[in-house]
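Worksheet for the structure shown next.
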Amino acid sequence: MVAKVYTGTTNGIEGILVCVEADISDGLPMFDMVGYLGAEVKEARERVRTALKNSGFRLPPSHITVNLSPADLRKQGNYFDLPIALSVLAAAGFVRMDELKNKIFIGELGLDGKIRPVNGTLVLAECGQKAGIKKAVVPKENAKEAACLQETVVYGTKTLKEIVELLNNPDRLEENRQAVLYETSDKEDDSLDYDELYGQERMKRAAMVASAGFHNLLYIGQPGSGKSMSAKRIPTIMPEMTYKEQLEVTKIYSVAGRLDYKEGLIKKRPFRSPHHTISATALAGGGRFPKPGEISLAHHGVLFLDELAEFKRDTLEIMRQPLEDGKVTISRVNGSCSYPAEFMLVAAMNPCPCGYFPDRSRCRCSVGEIRRYRDRISRPMLDRIDICTEAFAVKFDDLSKAKKGADSSSMRARVTEAINRQRMRYKDEGILFNSQLKGSRLSKYCNLDQQKEELLRQAFESMGLSVRARDRILRVSRTIADLEGSEQIKEAHLAEAISYRSIDRKYWGDM
């Protein structure tokens with residue numbers, strides 16, 4: 001009799017349902033596995049055979065055949081061990097087949113029969129839920145992760161012997177059900193606040209506008225002016241993620257193997273700050289066995305690139321398409337996968353190698369050195385940055401007076417209010433933020449009268465803007481209007497948005 005057990009495999013952050021079939025027949029004692037298997041799945045045969053023996057199960061000396069379908073889908077990963085073992089046990093009569101129905105099984109087996117945690121458990125459990133299988137048996141360490149799914153009943157187990165006993169005694173299985181569903185990790189870092197940033201109200205204003213519309217932001221200024229300090233505080237003024245956003249972020253970290261087993265759903269927006277020596281693959285994702293890169297780990301959060309001009313040019317250029325499309329597609333011989341990458345890019349850099357230009361009393365860089373330094377950032381890359389603002393050196397009087405400006409709490413309230421306006425406005429459009437406005441939506445929601453259109457035309461011609469830069473000005477002006485509670489884009493809103501494009505022209509105007 002053929003026994004069937006359901007599990008899944010991952011493709012990007014999406015799961016694909018896999019059926020594991022086992023048959024035991026008369027013949028020479030053999031253990032065959034078929035179904036387009038990767039090397040680690042082929043190795044599962046020996047792990048399963050030894051785990052069954054050490055768990056006290058003695059299989060008859062027969063021909064065992066295990067098939068993983070669909071056969072045209074490459075099976076990779078270490079989460080097939082448990083479903084393979086259970087299918088074999090069911091075919092041999094050790095497990096009730098009726099208890100294997102309507103459940104998805106996930107887990108790696110140790111040689112001693114212990115069930116070990118695996119990456120991507122949340123993604124696999126979700127693929128079962130989408131297929132109508134709303135019960136998941138997972139390793140104990142992955143139970144909180146899988147319990148993030150509100151409609152799925154999760155059972156966490158430690159050993160193969162334990163799960164067999166539970167399946168043969170359904171009442172005991174229900175006792176094993178996870179008591180806490182949709183558990184969240186709500187740890188707020190109260191050590192960072194914008195009231196600690198003195199004398200940089202323009203930087204704080206730019207950060208607030210960027211956060212309110214999820215716009216990309218570039219700080220340029222002298223060392224010690226607070227660029228990094230401001231960037232690290234941006235998550236403190238961003239609104240809370242929706243459940244859908246939390247689930248997407250958690251799935252990415254689960255697939256990447258970066259999810260803490262002790263935590264549940266990731267609730268805080270990610271803040272990633274890779275070093276400038278990072279490779280293009282580590283930034284965008286990929287590798288022999290593709291995994292999400294830093295830009296996907298920053299999904300729905302902030303990707304902070306400090307010392308932007310120190311990054312390799314080809315590393316920066318690889319971000320151009322994800323910044324436009326909101327996703328990264330990785331192609332390999334065996335297929336392709338996509339990872340979401342809707343992140344807010346925040347970058348900081350010095351105006352020259354020494355950092356003190358245009359103060360010639362301190363800057364000793366030659367014109368050629370300055371040009372080569374800035375040339376590391378291409379014009380197409382700059383066009384993808386919505387807001388560029390200068391960070392001026394802080395005066396001593398600003399520190400001695402200790403005049404606190406806006407704090408993170410008040411800034412976050414304004415940002416949240418602006419984003420709520422956007423969510424109401426775009427509830428039927430399939431987008432959330434002004435930064436996502438394109439094409440006909442941009443024309444519809446950023447409509448200008450003749451006077452404002454003339455102001456934009458003058459800026460376009462005098463500053464030598466590209467069409468992409470023009471569209472970004474419109475999006476930023478829409479966000480500024482939302483911050484001010486205005487349904488119409490006013491001249492002051494448009495002028496402020498234009499000013500955020502003038503800084504990069506000041507430094508790259510001669511390129």
Side-chain angles (χ1 to χ4, degrees), residues 2-24 30-52 63-91 95 100-101 103-111 115-133 136-139 142 145-146 160 163 251-252 254-257 285-292 329-339:
V2 176
K4 295 183 179 180
V5 175
Y6 287 100
T7 185
T9 187
T10 59
N11 181 38
I13 66 164
E14 298 301 323
I16 302 173
L17 197 66
V18 173
C19 179
V20 181
E21 303 170 308
D23 177 74
I24 299 180
M30 295 181 66
F31 194 145
D32 288 334
M33 290 179 55
V34 295
Y36 197 16
L37 311 178
E40 64 272 32
V41 185
K42 292 178 182 178
E43 294 169 355
R45 176 175 54 191
E46 299 304 322
R47 289 196 297 271
V48 169
R49 193 204 308 266
T50 307
L52 290 174
H63 189 172
I64 301 173
T65 304
V66 175
N67 176 48
L68 280 68
S69 64
D72 61 344
L73 176 68
R74 182 76 169 176
K75 318 300 187 309
Q76 293 180 330
N78 59 343
Y79 30 74
F80 294 101
D81 294 9
L82 179 60
I84 290 172
L86 290 176
S87 67
V88 171
L89 289 173
V95 178
L100 298 178
K101 298 178 181 178
K103 295 183 181 69
I104 189 168
F105 295 86
I106 305 159
E108 178 187 344
L109 286 177
L111 297 183
I115 302 176
R116 296 175 176 173
V118 297
N119 298 333
T121 298
L122 177 59
V123 175
L124 300 174
E126 186 188 44
C127 88
Q129 178 177 284
K130 290 179 179 178
I133 303 174
V137 179
V138 303
N142 294 125
E145 174 186 342
L160 178 60
I163 186 56
K251 285 164 62 178
I252 294 171
S254 174
V255 169
R288 183 181 177 187
F289 302 104
K291 283 191 175 183
T329 300
I330 300 169
S331 298
R332 293 292 181 268
V333 174
N334 295 325
S336 63
C337 62
S338 295
Y339 296 108

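The figures here come from the full heavy-atom set of this structure, side chains too, leaving out hydrogens, waters and symmetry mates. Throughout, residue positions are numbered sequentially from 1 according to the sequence presented.
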Practice task
List the steps and the verdict of side-chain contact (heavy atoms from CB on, under 4.5 Å) for Glu14 and Lys130.
Solution key: CA-CA 11 Å; Glu14 298 301 323; Lys130 290 179 179 178; 3.2 Å; yes
To the nearest 0.5 angstrom, please state how far the [atom1] atom of [X] sits from the [atom2] atom of [Y].
X      : Y      : atom1 : atom2 : result
Ile133 : Lys101 : CD1   : NZ    : 12.5 Å
Leu68  : Leu37  : CG    : CG    : 6.0 Å
Leu52  : Leu86  : CG    : CG    : 9.0 Å
Asp32  : Arg45  : CG    : CZ    : 7.0 Å
Leu122 : Leu124 : CG    : CG    : 9.0 Å
Ser336 : Asn11  : OG    : CG    : 7.0 Å

Please find the pair of heavy atoms, one from [X] and one from [Y], that lie closest to each other, and give the distance.
X      : Y      : result
Pro290 : Cys337 : CB-SG, 4.0 Å
Ala146 : Thr121 : CB-CG2, 4.1 Å
Lys4   : Leu100 : O-CB, 3.9 Å
Ile115 : Gly107 : CG2-CA, 4.2 Å
Val123 : Gly15  : CG1-N, 3.4 Å
Ile330 : Gly286 : CD1-N, 3.3 Å

Practice task
State whether a side-chain donor-acceptor pair under 3.5 Å links Asn78 with Glu40.
Solution key: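 No, no side-chain donor-acceptor contact under 3.5 Å.
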Can you name the residues that form a side chain to side chain donor-acceptor pair (under 3.5 Å) with [X], not counting sequence neighbours?
X      : answer
Thr50  : none
Arg47  : Asp81
Lys251 : Glu126
Lys103 : Glu99

Problem - Partner set under side-chain contact (heavy atoms from CB on, under 4.5 Å) for Ser87, not counting sequence neighbours - result: Val5, Val20, Ala22
Problem - Pairing residues for Thr9 by the side-chain contact (heavy atoms from CB on, under 4.5 Å) criterion, not counting sequence neighbours - result: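 Thr9 satisfies side-chain contact (heavy atoms from CB on, under 4.5 Å) with Ile16, Val18, Leu73, Tyr79, Phe80 once adjacent residues are dropped.
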Do the side chain of [X] and the main chain of [Y] share a donor and acceptor less than 3.5 angstrom apart?
X      : Y      : answer
Glu108 : Arg116 : no
Thr7   : Phe105 : yes
Lys75  : Lys42  : no

Practice task
Decide yes or no for Ile163 and Leu82: does some side-chain heavy atom of the first lie under 4.5 Å from some side-chain heavy atom of the second?
Solution key: yes
Problem - Non-hydrogen side-chain atoms of Ile84 and Met33 separated by less than 4.5 Å - result: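 SC-SC contact between Ile84 and Met33 confirmed.
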Exercise for the section: Given side-chain contact (heavy atoms from CB on, under 4.5 Å), test Leu17 with Ile104 step by step and report yes or no. Expected result: CA-CA 9 Å; Leu17 197 66; Ile104 189 168; 4.1 Å; yes
Handout entry: Trace of the side-chain contact (heavy atoms from CB on, under 4.5 Å) decision for Asn142 with Ile106
Key = CA-CA 10 Å; Asn142 294 125; Ile106 305 159; over 6 Å; no
